[in-house]
*Asks:* 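The structure under discussion is supplied below as structure tokens; questions concerning it will follow.
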Amino acid sequence: MTDGERAPGEVTVAFTDQLLPAGAPVPAANHAVRPNGAAAAAHVAAGLGCLTMGLLTWLGAWQSGIDQALTLLEPVGPLSGKSSGAVLVWLLTWTVLHVVWRSRTLNFGVVLIVTLALICLGFLGTFPLFIEWTAGALGQ
Amino acid sequence: MGFTTREIWALVHGVGWGGIFLLSFAGGLAGLWLLRYPWVREAGAARLVQRLSIGTWIMAIGLWLTVLSGTYIVLPWYRAEPPAGAVDLSTFPRAYLEADPSLAGWHTFAAVWKEHVGWLSPMLATAVAYVTHHYGAQLANERLIRRGLMVMLTLAFVAATISGLIGALITKLAPVR
């Protein structure tokens with residue numbers, strides 16, 4: 001495929017026979033580079049989906065009424081509502097963030113830190129010992 | 001020797017679809033690690049990212065099939081309530097575990113964690129697949145995005161491994177039959 005056949009925005013990378021210093025980006029003349037906004041949206045939305053799963057799990061364990069409300073399908077139990085809620089939040093936030101950020105270039109270091117924090121909170125929210133400890137601390 | 005329909009579904013869920021991701025994770029991570037200039041050249045990057053894109057989508061789809069089959073097919077069999085006064089609980093895994101104080105933790109801690117943490121994996125893996133596909137060979141110049149993808153793929157693997165390992169251990173103690 002030649003450069004002329006590339007889709008708008010698709011990256012073209014220069015070819016060189018010379019070794020470049022480690023970590024050095026390849027010079028990119030006449031190259032359209034996609035901004036990192038779409039990647040940021042995918043990262044943060046995945047983190048928010050994880051956080052929602054953790055939060056709903058924690059809330060359901062803390063208050064049995066919430067667990068019952070999350071039972072969309074009786075044979076599956078509250079996991080049906082928790083997983084559906086998490087997926088819904090993930091897809092909705094991904095759509096919104098993608099539309100808002102796709103043509104922007106963001107500080108990706110900050111995006112990574114926020115994403116990692118959201119995912120870690122999601123993991124923590126699903127961990128039974130953490131739920132037990134926090135619910136105990138809240139007097140449940 | 002034979003398998004019941006429930007045992008076959010449990011195998012398809014855990015070993016089949018779940019196994020796809022667990023087995024292909026190392027390849028995906030290595031691919032993302034290697035996708036950088038000047039370690040690869042243009043032709044190499046294009047070929048590598050094409051394989052990575054296909055591989056990460058297969059991983060993500062495998063994970064979705066794993067959690068969906070686990071939640072909506074296998075879990076109802078695990079959660080099934082025995083009839084009142086039932087003595088033989090061998091076909092009611094959750095009730096079987098809860099009835100024995102020395103095994104109850106396998107439900108209250110292990111199974112509960114497994115059911116929930118497993119759902120983190122497909123969202124993370126799908127984000128990895130999308131970004132890999134969307135940016136293609138540009139990823140070779142995007143150190144931070146590549147790093148983010150490796151972190152998300154690794155965390156998806158951690159969640160899937162926790163879920164898979166606990167599932168295998170519970171199946172050994174109280175299989176769905």
Side-chain angles (χ1 to χ4, degrees), chain A residues 1 10-26 28 31 33-34 36 38-43 45-47 49-50 53-54 56-57 61 73-77 79-80 82-83 86-87 90-91 94 108-109 111-112 115-116 119-120 122-123 125-129 131-132, chain B residues 36-43 45-46 64 67-68 70-73 75-77 79-80 105 108-131 134-149 151-152 155-156 158-159 162:
Chain A
M1 181 180 277
E10 189 172 336
V11 68
T12 303
V13 179
F15 177 83
T16 176
D17 276 334
Q18 302 200 343
L19 285 177
L20 299 171
V26 171
H31 303 167
V33 175
R34 292 185 169 180
N36 66 17
H43 278 69
C50 292
M53 189 67 203
L56 291 176
T57 306
L73 286 173
E74 193 57 44
V76 176
L79 186 60
S80 54
K82 293 170 193 170
S83 55
V87 170
W90 168 58
L91 291 175
W94 193 356
F108 213 80
V111 168
L112 283 188
T115 302
L116 196 58
I119 297 171
C120 287
F123 267 89
T126 66
F127 189 54
L129 293 182
I131 295 169
E132 198 176 305
Chain B
R36 63 177 81 180
Y37 298 119
W39 290 10
V40 290
R41 290 178 173 176
E42 184 183 13
W64 281 111
V67 294
L68 289 171
T71 302
Y72 293 99
I73 298 174
L75 182 61
W77 296 329
R79 285 171 43 89
T108 56
F109 174 79
V112 169
W113 192 22
K114 166 210 164 41
E115 289 163 12
H116 295 95
V117 79
W119 270 94
L120 307 186
S121 294
M123 292 185 281
L124 296 171
T126 304
V128 171
Y130 170 78
V131 173
H134 184 74
Y135 286 91
Q138 183 181 339
L139 284 177
N141 264 336
E142 300 281 1
R143 184 178 58 88
L144 283 177
I145 296 180
R146 226 173 36 241
R147 189 169 288 180
L149 295 180
V151 168
M152 283 204 295
L155 291 174
V158 170
I162 292 168

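Labels below follow one simple rule: chain letters A, B, ... track the order of the sequence lines, proteins then strands, and each chain is numbered from 1. Just the heavy atoms: all of them, side chains too, but no hydrogens, waters or symmetry mates, feed the values below.
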*Asks:* Please report the shortest heavy-atom distance between B/A159 and A/F123, naming the atom on each side.
*Replies:* CB-CZ, 3.7 Å
*Asks:* Counting only non-hydrogen atoms closer than 4.5 Å, does A/L73 touch chain B with its backbone (N, CA, C, O), its side chain (CB onward), both, or neither?
*Replies:* side chain
*Asks:* Taking every heavy-atom pair that is under 4.5 Å apart, which of A/S83, A/G49, A/A42, A/G109 has the most such pairs with chain B?
*Replies:* A/S83
*Asks:* Looking at B/L144, B/L124, B/L75, B/V151, which makes the most heavy-atom pairs under 4.5 Å with chain A?
*Replies:*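 When all of B/L144, B/L124, B/L75, B/V151 are compared, B/L144 has the most.
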*Asks:* Side chain from CB out, backbone as N, CA, C, O: work out which of these in B/V117 comes under 4.5 Å of a heavy atom of chain A, or both, or neither.
*Replies:*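 When you check distances to chain A, atoms from both the backbone and side chain of B/V117 fall under 4.5 Å.
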*Asks:* Heavy atoms only, distances under 4.5 angstrom: which of A/E132, A/H43, A/E74, A/K82 has the most pairs with chain B? Name it, please.
*Replies:*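 Most heavy-atom pairs within the cutoff with chain B belong to A/H43.
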*Asks:* B/A45 versus chain A, heavy atoms under 4.5 Å apart: side chain, backbone, both or neither?
*Replies:*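 Neither part, no heavy atoms under 4.5 Å.
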*Asks:* Tell me, out of A/A46, A/G122, A/P75, A/A86, who's got the most heavy-atom pairs with chain B below 4.5 Å.
*Replies:*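 The option with the most such pairs is A/P75.
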*Asks:* Is chain A contacted by the side chain of B/T126, its backbone, both, or neither, given a heavy-atom distance below 4.5 Å?
*Replies:* both
*Asks:* Of the backbone (N, CA, C, O) and the side chain (C-beta and beyond), which part of A/L116 lies under 4.5 Å from a heavy atom of chain B, both, or neither?
*Replies:* side chain
*Asks:* Heavy-atom pairs under 4.5 Å with chain A: which of B/L149, B/V158, B/V67, B/I162 has the most?
*Replies:* B/L149
*Asks:* Ignoring hydrogens and angles, tell me if any N or O in the side chain of B/E115 forms a donor-acceptor pair with the backbone of A/L79 under 3.5 Å.
*Replies:*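 Checked: no pair found.
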*Asks:* Counting heavy-atom pairs under 4.5 Å with chain A, which one of B/R79, B/R147, B/E142 comes out on top?
*Replies:* B/R79
*Asks:* For chain B, which candidate among A/C120, A/S80, A/G54, A/C50 shows the most heavy-atom pairs at distances under 4.5 Å?
*Replies:* A/C50
*Asks:* Which bit of B/F109 comes within less than 4.5 Å of chain A, counting heavy atoms only: side chain, backbone, both or neither?
*Replies:* both
*Asks:* Give the member of A/A45, A/G77, A/A39 that has the highest number of heavy-atom pairs under 4.5 Å with chain B.
*Replies:*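 Of A/A45, A/G77, A/A39, A/A39 has the most heavy-atom pairs under 4.5 Å with chain B.
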